[in-house]
There are 2 protein chains.
Amino acid sequence: MKKPNARQPKTGGPTQKGQCAKRVSILDAAADVFCREGFAGASIDEIAMEACVSRQTVYNHYREKETLFMAVVQDIMDRANAALFSILATFPDNGENLEDDLTAFAVRLNKNCVCNHDGKFIRKLVQTEGERYPHLFEIWRQQGPGKIGTALSALFARLSHVARLDIDDFDLAAKQFLALVNADLPASGFFGGAPTDEELEKAARAAVRTFLRAYGGKPATGAGQELREEPV
Amino acid sequence: MKKPNARQPKTGGPTQKGQCAKRVSILDAAADVFCREGFAGASIDEIAMEACVSRQTVYNHYREKETLFMAVVQDIMDRANAALFSILATFPDNGENLEDDLTAFAVRLNKNCVCNHDGKFIRKLVQTEGERYPHLFEIWRQQGPGKIGTALSALFARLSHVARLDIDDFDLAAKQFLALVNADLPASGFFGGAPTDEELEKAARAAVRTFLRAYGGKPATGAGQELREEPV
DNA sequence: GTAAAATTAGACACCATTGTCTAATTCGTC
DNA sequence: GACGAATTAGACAATGGTGTCTAATTTTAC
């Protein structure tokens, strides 16, 4: 009955979809609730309540539950990507202090991309809903581990020129580095609270040490590998 | 009105709760559906249909949805534990062929515990429902990674006597070994189909090589580390 | 202040799900 | 075949969710 290009009703939803307070408030609340309850378990009413907003406002901004869900995912992805590039941009160019540089890098990566709220959220969501939305799984694989992997791979390729690194397969080394960095974290990045700074630092140091024992052509300080222990 | 110790009704549910065909059929179907849809998204009707059983039969065997859910979790845990011990029992006692032994071990571990249906199921479930049922999370952590970790740690302690292994922290080495073994698997053990035998073998070999480059006191065949490449 | 836009509370139809109940039917065993 | 146990289909009330609608109210811009 109603023509698709009918005149907008005098009263109703917002006209410009830019960032306003209500909009981000809804997005944040939705992220929380979706993460806690999953897609099926999350109720719009709960999201609205947590956002201190009426249900109708939620529907005004996001046409239906699935629209809201996808908006949440996109938002998280964008944030995580920004964080990743910001970290990569600050890696020192020279190959001196490789162990310390890698450790600091690993700490920042975990702290701002992998173990933080966004990282845990997106992984949980992909595992929960990835089968229902293959699109979601694919996006995550490309923009998440894929992007980190290739960036890290390129980093190692660059480093292997300045520092002495004995790597024959950069992609593999990148994956192994990431795996090692997360090996010693409590609950392996699952929920249960973010790891403390000490835990992050300790895990990163252990990972980098093993990584360099495997791939580092020459030990940084000389002979053995049990020499540098002090700076904790 | 009804006394708790009232006489059983003449007709109704099953009397002995042992393993009968219907019972395991329900359990299997429930595992499938819970894994696919999560706790909230799974419907008893769907489970009953997939088990080729009437809804009432489901309720006869498992009083309510949560009872069924917990039974499923317990069942999976038991199976995974049995598989783990069966694998550990067959590790060779002598330290010869350490690289091959570790590789074979890693393949079997991934194939029968980590990457198989049960492993993926339980991890997904823990991540989805662990916050709602902390009890579930705790059980998994102790019986899953915890058990594998301590077993592996003990294995390395034993091996470091017969073979030449330069490990100072067995727990850490165990965690790193597990992480490395899963580093190169497509989708990191997420869903999307189990990895093929070739992928498992390749990932295990790469992991063990890196692990031994870091922790192996002496290379098995002599000088460099890029000598043995043939047997794929 | 006023008019338009945004928001709100609440009612509403609709649908799916849980868990119960009953009467009929099948299965297994003697 | 007969008996009791197990199973089935279907109806059922209760609950809680989605998405729409409306009329009133608040916020924002001019």
Side-chain angles (χ1 to χ4, degrees), chain A residues 1-4 6-30 33-34 36-72 129 132, chain B residues 1-2 4 6-30 32-34 36-72 129 132:
Chain A
M1 249 343 152
K2 179 176 52 172
K3 292 193 200 137
R7 174 178 50 84
Q8 310 271 1
K10 273 208 299 278
T11 173
T15 51
Q16 45 101 16
K17 304 279 170 162
Q19 299 303 48
C20 67
K22 299 267 176 192
R23 208 176 162 78
V24 317
S25 163
I26 293 172
L27 223 48
D28 284 354
V33 178
F34 277 134
R36 211 170 45 229
E37 318 277 351
F39 182 80
S43 94
I44 302 283
D45 285 306
E46 195 175 351
I47 293 171
M49 231 175 56
E50 194 161 317
C52 298
V53 140
S54 79
R55 175 175 58 242
Q56 188 55 49
T57 301
V58 177
Y59 281 109
N60 283 341
H61 283 272
Y62 304 94
R63 193 165 40 82
E64 55 187 1
K65 199 180 181 183
E66 198 166 316
T67 313
L68 175 57
F69 178 72
M70 287 306 180
V72 166
E129 314 292 345
R132 191 189 315 275
Chain B
M1 238 357 144
K2 179 175 55 174
R7 173 176 52 82
Q8 310 272 1
K10 273 209 297 279
T11 173
T15 50
Q16 43 104 16
K17 304 279 171 163
Q19 298 304 46
C20 67
K22 300 269 177 192
R23 209 176 162 79
V24 317
S25 162
I26 293 172
L27 222 49
D28 284 354
D32 256 28
V33 178
F34 276 133
R36 212 170 44 229
E37 318 278 350
F39 181 81
S43 93
I44 301 284
D45 285 307
E46 197 176 349
I47 293 172
M49 231 174 56
E50 195 161 318
C52 299
V53 141
S54 79
R55 173 173 61 243
Q56 188 55 50
T57 301
V58 177
Y59 281 109
N60 282 343
H61 282 273
Y62 304 95
R63 194 164 40 81
E64 56 186 0
K65 199 179 179 182
E66 198 166 316
T67 313
L68 175 57
F69 178 73
M70 287 306 182
V72 166
E129 314 293 346
R132 191 190 315 275

**Q.** A/Gln56 side chain, from C-beta outward: closest of D/dT7, D/dT22, C/dC12
**A.** D/dT22
Q: State which of D/dT7, C/dG19, C/dT7 makes the closest approach to the side chain of A/His61.
A: C/dT7
(Q) Here's a test of your reading of the structure: between B/Cys52 and B/Arg55, which maps to the more 5' nucleotide of DNA chain D? (A) B/Cys52
**Q.** Nearest heavy atoms of A/Ile26 and A/Ile47, plus distance in Å
**A.** O-CG2, 4.2 Å
Q.
Just the rounded figure in Å: distance from P of D/dT18 to CD of A/Glu37.
A. 11 Å
Q) B/Ile26 CD1 to D/dT8 P: how many Å, rounded? A) 8 Å
Q) Just how far, in rounded Å, is P of C/dA16 from CG of B/Asp45? A) 11 Å
Q) Roughly how many Å is it from NZ in B/Lys65 to C1' in D/dT15, rounded to a whole number? A) 13 Å
Q: Answer with base, sugar-phosphate or nothing: what part of the nucleic acid does A/Ala42 contact at a heavy-atom distance below 4.0 Å?
A: sugar-phosphate
Q. Can you check the A/Tyr62 OH to D/dT20 C1' distance for me, whole Å?
A. 20 Å
**Q.** Closest listed nucleotide, where the reference is the side chain of A/Ser43 and the choices are D/dT8, C/dT18, D/dT18
**A.** D/dT18
(Q) Return whichever of B/Arg63 or B/Glu46 has its heavy-atom-nearest nucleotide of DNA chain C closer to the 5' end. (A) B/Glu46
**Q.** B/Thr57 side-chain proximity, nearest of D/dT8, C/dT18, D/dT18
**A.** D/dT8
Q) What's the closest nucleotide to the B/Glu64 side chain, out of C/dG19, C/dA9, D/dA9? A) C/dG19
Q | Atom-pair distance (CE on B/Met49; P on D/dG10), nearest Å | A | 14 Å
Q) Which residue, B/Val53 or A/Glu66, contacts DNA chain D at a nucleotide closer to its 5' end, judged by nearest heavy atom? A) B/Val53
Q) Could you give the CZ-to-P distance, from B/Arg23 to D/dT7, as a whole number of Å? A) 10 Å
Q: Can you see which heavy atom on A/Tyr62 is nearest to which on A/Arg23, and at what distance?
A: OH-CG, 3.5 Å
Q. Heavy-atom distance under 4.5 Å between the side chains of B/His61 and B/Cys20, does that happen here?
A. yes
Q: Take the protein atom CG of A/Asn60 and the nucleotide atom C1' of D/dT20, then report the distance between them rounded to whole Å.
A: 11 Å
Q. Which one, C/dA11, C/dT8, C/dG19, comes nearest to the side chain of B/Tyr59?
A. C/dG19
Q.
Restricting to non-hydrogen atoms, name the atom on A/Glu129 and the atom on A/Phe69 that form the minimum distance, rounded to 0.1 Å.
A. CG-CZ, 4.0 Å
Q | B/Lys22 side-chain N/O to D/dT8 phosphate OP1/OP2 under 4.0 Å | A | yes
Q. With a 4.5 Å heavy-atom cut-off, do B/Asp28 and B/Val72 have their side chains touching?
A. no
